[in-house]
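Step one of this worksheet: look at the structure below.
All ligand and atom numbering here is 1-based and tracks the order in the structure. Each residue takes its place number in the sequence, starting with 1.
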Amino acid sequence: MGPAFLSLIRPGALLRRYRASLRAKLVSIVIAPLLVALVALLLLMALWGDRVFQALLTYKVNSDLLVAHEYFEHMVGGVEDRVLQEARSHALVNGLGRGGAMPGILAEARRAHGLDFLQLLDPQGRLLAATPASAAGTEYAAWRVVASAAAGRADAATDAWSAAQLAAVSGDLARRAQVALRPTANAAPTDRTLETRGMVVHAAAPVFDEAGALVAILHGGTLLNNNLGFIDTINALVYQPESLPRGSQGTATLFLDDTRIATNVRLFHGERALGTRVSREVRDKVLLRGEKWLDLAFVVNDWYMSAYEPIADSRGRRIGMLYVGYLARPISQAKDLALGVLVGLFLLLAVAGALFSLLWARRVFTPMTRMVGTMRALKAGNAEARVGPVGSEDELGQLAGQFDQLLSDLQQRNAELRDWADSLDRKVAERTRELEDANAVLRATRQQLITSEKLAVAGQLTAGVAHEINNPIAVIQGNLDVAREILGPAAEPVRHELRLIDEQVRRIYLLTNRLLQFIRPEEFAGNMERLDVGEVAAGCLDLVRHLIKGPEIRIGQDWQATRRVRISRGELQQVVVNLLTNAIHAMPEGGTLTLATRDWEEHGVTLHVRDTGRGIREEDLPNLFNPFFTTKKQMGTGLGLSISYALVERYGGRITVESKLGQGAEFIVWLRESGAPA
Ligand code: ADP
């Protein structure tokens, strides 16, 4: 977990992991457009929401201003109503005749109507009576309202009165109007320090006598400078409880020119911001250009959503402004909070969505991941590695199943191939062995051929020697006969010795003759005789006797055959000598060699050569008559029996053998009487 987590926060490692993960790529492909769309949507919503929000704020402040405006008009109308009502009152009309009572009546009426001043003027606008006591001699006919009243019509207006005009009404009024200017950032520069003018709402109404003739004008009004009750009422009306979000606060202000003369806007220390001035920007737009201001404005010390409208005097000149507004910060804060919550929620959802997608993708990609793991395991040498059941039936799940199937097939093919290769190896080894055996046979054959060749040469030499011996023997025999003749009876004393010489010479002669017969069979072949097989076989014994060197070999002879067979003597001798030689070789420790003949029914004769030697292994029996089969290593040629068989076969006969290992052997030569193939 630790290292994996660490690798997550290393950008390089993260990038590598991403590059190696199909899952991450696919998830990004799905999520990226969604994310872009959502971010764009969020931005759009934020921008659009901000505009709508601004518009709503503007609508609200505009409607607030409308309410304030209505109230202001209502207030002006109220002053007119009260002056008109008083102008028509009996008390006033009756009091006209009594000059001394007028100030009392006016004072009473002023108190009752809550006005700051009330004056009775003559139809030309000259002062007749006033409360509070005003300076005499001032003309009021210049005011539009007074002129209207003189024309018989009640009228009301808001006008800016100079300090002198105020003072003419009352010193107190002039004093109450004074507002000390406070230096204000952003306001248009000024070198004035005191506002001495007053904004006055005043009305005038004609006073008629009972006959209906205009006898006087009633002129009264209220000073708005420092008139906090008036501005608080507007504020309370516009910004009733619960009409603004928590934390915001509504404000209302009356400006004379650009100076706050009545306001509930507070300074830092809680004091009302009287005497501060509006920003130059607002002043230019509202006062100079006569337009409405509906926007954010920096009011004294904070940003307010503000509405300003100009106030015109009776001559239509812009003399001041009416303002309402509310603190924008809590509202924009609420908006920002909502936006923040929205963005946060979005991010949270996006992250949760991405995580969910990743987890989901992990499940979807399980077969793929497992296949990659399996391939790694296979590469590492685990041939048994398989994906196994992945619990998915989609294309990837099917792919995993087929992958496993493929692996199993491959493994099976591999095994088959290996088996095949093994069997091929075995076959090659077998063939190699056979070849080696054949080679050995070839080598042995060559050796045997060499030996045969040697034997043939030896045979020829022997034949030569045997031939040469015949001549001296003939000379010896001849001379012996001559000697016997010459000696006559004188030979009697050596008769025995002479006979011995005779016998031995005959023996030598016989021996050489047989040798020649054996060695040069071709000279005798074809020369078939009717032979007594026993006699020929007994003769052969003489040829092989010299082979018996070691322990004694007893020789038994049992000649019972009565028939004779037609055969070449030399060839029969060759066969017999061969059989006798083999028998003697088989008995190196001595034993009994038995020779016998029997009649073979009417066919001919059988010759039996039996020994008590080492016998023949059972598996060698079928090969015995094959050329070159020998167990005698360098000593034998393996040709004796095969040649013998071939010879006998030519005369229609055969050779059979009976033997058991360790129990001697018996070779039987079957010879036909006719000497011709059957
Ligand atoms: P060679 O005598 O040169 O080996 P042969 O054809 O005469 O060739 O004999 C073949 C083989 O037969 C001999 O090597 C020997 O093993 C076996 N054999 C022949 N005669 C006898 C026997 N009488 N007793 C045991 N083995 C014999």
(message) If I take atom CD from residue E658 and atom CZ from residue F667, how far apart are they, to the nearest 0.5 angstrom?
(response)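 Rounded to the nearest 0.5 Å, the CD-CZ separation comes out at 11.0 Å.
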Protein contact of [atom] - nearest heavy atom, named by residue and atom, plus distance:
| atom | value |
| --- | --- |
| atom 17 (C) of ligand 1 | L624 CD1, 4.0 Å |
| atom 24 (N) of ligand 1 | A586 CB, 3.4 Å |
| atom 26 (N) of ligand 1 | I616 CG1, 3.4 Å |
| atom 16 (O) of ligand 1 | T631 OG1, 2.6 Å |
| atom 7 (O) of ligand 1 | N582 ND2, 2.8 Å |
| atom 4 (O) of ligand 1 | T630 OG1, 2.7 Å |
| atom 5 (P) of ligand 1 | L641 N, 3.6 Å |
| atom 2 (O) of ligand 1 | K632 NZ, 2.7 Å |

(request) Locate the shortest heavy-atom distance separating S659 from G664; write the atom from each residue and the value. (result)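 Between these two residues, the closest heavy atoms are OG-O, 2.9 Å.
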(message) Looking at every non-hydrogen atom in both residues, tell me the closest pair between V575 and I655 and how far apart they are.
(response)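 Minimum heavy-atom separation between V575 and I655: CG1-CD1, 4.5 Å.
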(request) Compute the minimum heavy-atom distance from F667 to ligand 1 and say whether it is under 4.0 Å. (result)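 A heavy atom of F667 does come that close to ligand 1.
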(request) I would like to know whether E436 and R433 meet salt bridge (Lys or Arg N to Asp or Glu O under 4.0 Å); could you show each step before the answer? (result) CA-CA 5 Å; E436 278 168 359; R433 215 166 32 247; over 6 Å; no
(request) Pick one of side chain, backbone, both or neither for how N578 approaches ligand 1, counting any non-hydrogen atom pair under 4.0 Å. (result)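 N578 to ligand 1: side-chain contact only, backbone stays beyond 4.0 Å.
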(message) Residue-level breakdown please: for D611 versus ligand 1, do any non-hydrogen atoms fall below 4.0 Å on the side chain, on the backbone, on both, or on neither?
(response)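 Looking at D611 and ligand 1, just side chain atoms fall under 4.0 Å.
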(message) Any heavy-atom pair between the side chains of R563 and H603 that's under 4.5 Å?
(response)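 No; the side chains remain at least 4.5 Å from each other.
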(request) Give the intermediate values and the outcome of side-chain hydrogen bond (donor to acceptor under 3.5 Å, both in side chains) for residues Q405 and D409. (result) CA-CA 6 Å; Q405 184 63 46; D409 288 356; 3.3 Å; yes
(request) Decide whether an N or O pair under 3.5 Å exists between G615 and ligand 1. (result)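 There is no such contact.
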(message) Using modelled atom types and a 3.5 Å cut-off, is there a donor and acceptor pairing between side-chain atoms of T612 and backbone atoms of T592?
(response)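 Side chain of T612 to backbone of T592: a pair is present.
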(request) State whether the side chain of R376 and the backbone N or O of M371 hold a donor-acceptor pair below 3.5 Å, judged by distance alone. (result)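 Looks like no, no N/O pair under 3.5 Å.
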